Amino acid sequence: MDESRTEERYEPATIEPRWQAFWEKDDTFRTPPMPREGKKLYVLDMFPYPSGAGLHVGHPEGYTATDILCRAKRAQGFDVLHPMGWDAFGLPAEQHAIATGTHPATTTQKNIDNFRRQLKMLGFSYDWSREVDTTDPEYVRWTQWIFLQLFDKGLAYQDEIKVNWCAALGTVLANEEVIDGKSERGNHPVVRVPLRQWVLAITKYADRLLEGLDHVEWPSSTRTMQREWIGRSEGAEVVFGVKGQDATIEVFTTRPDTLFGATFMVLAPEHPLVAAITTDTQRAEIDRYVAASKNKSDLDRQSSKEKTGVFTGGFAINPVNGAEVPIWIADYVLMGYGTGAIMAVPAHDTRDFEFAKAFDIPIVQVVSTDGASSTLDEAMTEYGVAVSSGKYDGMKTADMKAAITADLEAEGKGKKRVEYKLRDWVFSRQRYWGEPFPIYFPVETEGDPATSDPRKGDAHVIRFDQPIAVEVSELPVRLPETDDFQPGDDPAGVLARLADWRFFQKDGKWFARETNTMPQWAGSCWYYLRFCDPHNGELAWSPEAAKAWLPVDLYMGGAEHAVLHLLYARFWHMVLYDQGLLPVPEPFTKLVHQGIILGDVEYTDPEGNRHPASAVTKTKDGKMVLEADPSVVIEAKAHKMSKARGNVVNPDDIVRDFGADALRCYEMFMGPLEASKPWSTDSIHGVKRFLDRCWRLAKDAKDTAPDDATLRTMHKTIAKVTADIDGLRFNTAISAMMVLSNDLQKAGAPKAGVEVLAQLLHPFAPHLGEEMWSLLGREASIQKVEWPVADPKLLVDDEVEVPVQINGKKRGVLVLSKDADQDTAVAAAKADERLAELLAAGTLRKTVWVPGKILNFIVG
RNA sequence: GCCGGGGUGGCGGAAUAGGCAGACGCAGGCGACUUAAAAUCGCUCGUGGUGACACGUGCGGGUUCGAGCCCCGCCCUCGGCACCA
């Protein structure tokens, strides 16, 4: 036991809790209620779902990145809003309740406490006084209030939507939980049953949501995904007559110019006209096909691309030429898009081409690249000029689209139309653990309302067609207490059978509460707004607070939320903006996705056995093989972390073994923030050694002035690290600090240099930063010290090394003054014995001189 | 199939207005200190060659004095979408 020696070492386990306690007591990271003019910065992490498993190493990646930025920006004089909270409604807690009987609120609270402990352990500079929890009734109050804003504006409505009902599990399943018509868990049959649901009219905002993407600094891949999800498509609606009937069929097409090539029509099996059009001889076969497609989910329908379909026996009349074309039904036409019916132009549409081939339907070419027609081996989908199209022959595709649409419109046989892939948002769930809807319905009882009681099962009718909003003053509508979370035989879920909560009397009349709950998206759609003013008891947020802090300047979170969460949040934001409740039209100015951290690389032989890295070697032709037996080829691959694979890394273990600062720095040093990267516990050692060296530099700092070279390195590092933090290039920032620490050590630890290192390092390794500052004899907290500024004069060296090439190959290096001209450089090169010799070997044809960069002689 | 991102030493990665490829770190090798080990420090470390040199950024072409970076054609890989008329 040598106590003096342990004192001489960097001990994160001692210093980290000490500084965390200091920050807490000092309230170092408290955000001012209002920022100073022009000094606000709102940096937001996507808040986590507090799962029972706790934090994994993926969480701290994005959190550390934003924490570094926030700490640096505070030191640069910004008022930074950097809050954290919990997206705490969700299915796992309810499933846990079903399995164990523990109330979801209890489980959730426990998990939140564990998450908070872990985040504090990592030293993040959140303003914990602004913490929000989406399950807190004070938060739910305002989630419900926002729903009422949507309801009042007619943006929330009810509809019958088919859900995946699994009777055996007694629950409604999400699409991804259904495989081949069976439940993923238990393999029980799943049927599609229509259920009354709340739907939000997000499609009314489709164009706004699309247009807004042009004004945000988001990854282009994410913007593209949102654009494709919205799926705006311009075309025309064309009306076809039905032979021998009064009925008409409307179709949507983006290629009205190919109307002359329509050789058949296809209706979706669910299309309302199918029964009327079908002839008696075809009816049996049609009924069979319709029944078969009825139980298929969209997913199943799309799993096979083989074209199937049945002829109805009916014929449609082409509005431009009166041609009679057969009407088919086929499930490659979706009822949910366009009109549920298409004009099929096999010559110019790949799917129609396949169908025509399968059922031997004529293919008529009406667009051609050169004006001639020929037999097509595949659909010709490119634009060209019209052929076999009557008076339109010779017109270019784009022109003909406009012309024929106008002509159809004039005759009342069609018009311009815009379609979207985006569907309205099904906003209700048949669950317990979610926000109740602030809605109730009148109940009609059979007898006298005073004596009949729907709670006891007396006959009654709930008038779902007459929804009534709960008074704002009565919010929140709380979840009823219960200990029964078991699935039941009613798809409507747990709340529907809690009759004492569901039914109530007012003014002598019976009413029934809405028993659906909101999806998990609801709470996460507006948490960034509540953070501006989290304790407001009168309003969801004050206009002043919103104006001061919005928009979010940087939003950090996983790419898995690229579409849904970010689209839903933007939608709510726009609705609230339209009501004058928000100061800006888009919520998140800049968005960054941190990459996924994969498990440590695994070396696997063809039999699936794993080998240690040291047993593997690379052959000359680049194959990985077993060193002991080169005939065994090894696959080296980093896999996604998963419990099943057993490669999950727990931050608690890493902090225990290396410290929070080492974990933070390692995750930033691994590679670019947005790239997915394999974890390597081995590599943390290097980062830990670096932090160790920094600690010793502070401990051993000498009161000597840094020499000129060290001074230049200090200032270059200040410039590099400052710029890299702004650009979120933390890996290169750390490598620059490693260079500085190595230089400072060689230079004998001059105090001024170590102070700069501590300041630059503290956003990355905040505990060590504070500790170094204190070892250097300075007062806490380093967070309150102004960020260092580089002296531009010290950023450029007076002398530079310029490589000299002969015919593009490096043959030497010249040391020249930084503004040497070509003549000086050439003279210096000729003065070099070796270079002169090489130059003399041929005729000089050309000299390339890039000042300060390169000198290249072309010799022939 | 379509749309994006990416292929650089044994490993993670650095370097793009086209200008010394491999910064920084891991692993490895040699050495110093130590009774020894750990820790620390120093040197070394793309491949071939004693060396001068030659070859090297997924593959094949091209542009250029000069290409990891730009252009054309492929291969692999990771994400997303997938009958949207």
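We name chains A, B, ... by the order of the sequence lines, and we start the count at 1 in each one. Just so we're clear, the structure is a prediction, and the values are computed from it rather than from any experiment.
A gap of 24 Å separates the P atoms of B:rU63 and B:rA17, to the nearest Å. Here, B:rG13 and B:rC2 have their C1' atoms 32 Å apart, quoted to the whole Å. Of the P atoms belonging to B:rG62 and B:rC24, the separation is 36 Å, rounded to the nearest Å. Between the P atoms of B:rU40 and B:rA27, the separation comes to 10 Å (whole Å). The separation of B:rA67 from B:rA54, taken at their P atoms, amounts to 15 Å, rounded to a whole angstrom. Across B:rC45 and B:rG31, the matching C1' atoms stand 15 Å from one another, rounded to whole Å. Straight-line distance between the C1' atoms of B:rC33 and B:rA37: roughly 13 Å, to the nearest whole Å. Comparing the same atom, P, in B:rG4 and in B:rU8 gives a spacing of 22 Å after rounding to whole Å.
For B:rG9, the glycosidic angle deviates from 0 by 90° or less, giving a syn base.
As a whole-Å value, the separation of A:Phe658 CZ from B:rC26 C1' is 12 Å. The nearest whole Å value for the distance from the CZ atom in A:Arg693 to the P atom in B:rU40 is 9 Å. We find that CD1 of A:Ile806 is positioned 12 Å from P of B:rA54, with the value rounded to whole Å. Rounding to whole angstrom units, CG of residue A:Asn742 and P of B:rU40 are separated by 13 Å. Atom-to-atom, CZ of A:Arg223 to P of B:rC3 comes out at 19 Å; the value is rounded to the nearest Å. Between the CD atom of A:Glu228 and the C1' atom of B:rC2 there is a distance of 9 Å, given to the nearest Å.
Residue A:Arg689 has its side chain nearest to B:rU40 when only B:rU40, B:rC53, B:rG42 are considered. Closest to the A:Ile854 side chain, of the nucleotides B:rA54, B:rG19, B:rA85, is B:rG19.
Contact annotation for A:Lys853: backbone-only contact, meaning every heavy-atom pair under 4.0 Å involves sugar-phosphate atoms and none involves a base. If you check every strand for non-hydrogen atoms under 4.0 Å, A:Thr254 touches sugar and phosphate atoms only. Within the 4.0 angstrom heavy-atom criterion, no nucleotide atom of any strand lies near A:Lys720. Nucleic acid contact class of A:Asp352 (heavy atoms, under 4.0 Å, all strands): none. When heavy atoms are screened at a 4.0 angstrom cut-off, A:Arg834 is found touching the sugar-phosphate backbone but no base atom. Within the 4.0 angstrom heavy-atom criterion, only backbone atoms of the sugar-phosphate kind lie near A:Lys809; the bases stay farther away. Here A:Arg845 lies out of heavy-atom contact (under 4.0 Å) with every strand. Within the 4.0 angstrom heavy-atom criterion, only backbone atoms of the sugar-phosphate kind lie near A:Ser233; the bases stay farther away. If you check every strand for non-hydrogen atoms under 4.0 Å, A:Arg729 touches nothing.
The minimum heavy-atom distance between A:Asp700 and A:Ala749, with the atom names listed, is O-CB, 3.9 Å.
Ring geometry, A:Phe355 versus A:Phe359: the interplanar angle falls from 30° to 60°, so the pair is classed tilted.
Of the nucleotides present, B:rC11 is the one that pairs with B:rG25 by Watson-Crick or G-U wobble criteria, both distances under 3.5 Å. The base-pairing partner of B:rA54, taking Watson-Crick or G-U wobble contacts with both distances under 3.5 Å, is B:rU47. Across all strands shown, B:rC30 forms a Watson-Crick or G-U wobble pair with B:rG42, both key distances being under 3.5 Å. Pairing for B:rG79 goes to B:rC3, judged as Watson-Crick or G-U wobble with the two contacts each under 3.5 Å.
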Under the side chain to side chain donor-acceptor pair (under 3.5 Å) rule, what do A:Ser220 and A:Trp218 come out as? Steps first, then yes or no, please.
-> CA-CA 6 Å; A:Ser220 64; A:Trp218 287 19; over 6 Å; no
Taking it one step at a time, do A:Tyr666 and A:Asp661 satisfy side chain to side chain donor-acceptor pair (under 3.5 Å)?
-> CA-CA 8 Å; A:Tyr666 170 63; A:Asp661 286 337; over 6 Å; no
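Judged by distance alone, the side chain of A:Arg712 and the main-chain N or O of A:Val796 form a donor-acceptor pair under 3.5 Å.
Judged by a 6.0 Å distance limit and a 45° cone about the ring axis, A:Lys421 is not positioned over the six-membered ring of A:Tyr337.
Considering only heavy atoms from C-beta on, A:Leu259 comes within 4.5 Å of A:Leu408 through its side chain. Put simply, the side chain of A:Thr254 does not reach to within 4.5 Å of the side chain of A:Arg417, judged on heavy atoms.
Judged by distance alone, with hydrogens and angles left aside, A:Lys307 brings a side-chain donor or acceptor within reach of the base of B:rC83, the pair sitting under 3.5 Å.
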Pairwise N/O distances under 3.5 Å, protein to nucleotides 7-14 of chain B:
| unit_1 | atom_1 | unit_2 | atom_2 | d |
| --- | --- | --- | --- | --- |
| B:rC11 | OP1 | A:Lys618 | NZ | 3.4 |
| B:rG12 | O2' | A:Met670 | O | 2.7 |
| B:rA14 | OP1 | A:Asn731 | ND2 | 2.9 |

Could you list, one pair per line, each protein nitrogen or oxygen that sits under 3.5 Å from a nitrogen or oxygen of nucleotides 59-70 of chain B, together with the distance?
| unit_1 | atom_1 | unit_2 | atom_2 | d |
| --- | --- | --- | --- | --- |
| B:rC65 | O2 | A:Asn856 | ND2 | 2.6 |

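Applying the salt bridge (Lys or Arg N to Asp or Glu O under 4.0 Å) rule to A:Lys688 yields no partners; only residues at least two apart in sequence or on another chain are considered.
Judged by closest nucleotide on RNA chain B, A:Glu801 is the one of A:Glu801 and A:Gly338 placed further toward the 5' end.
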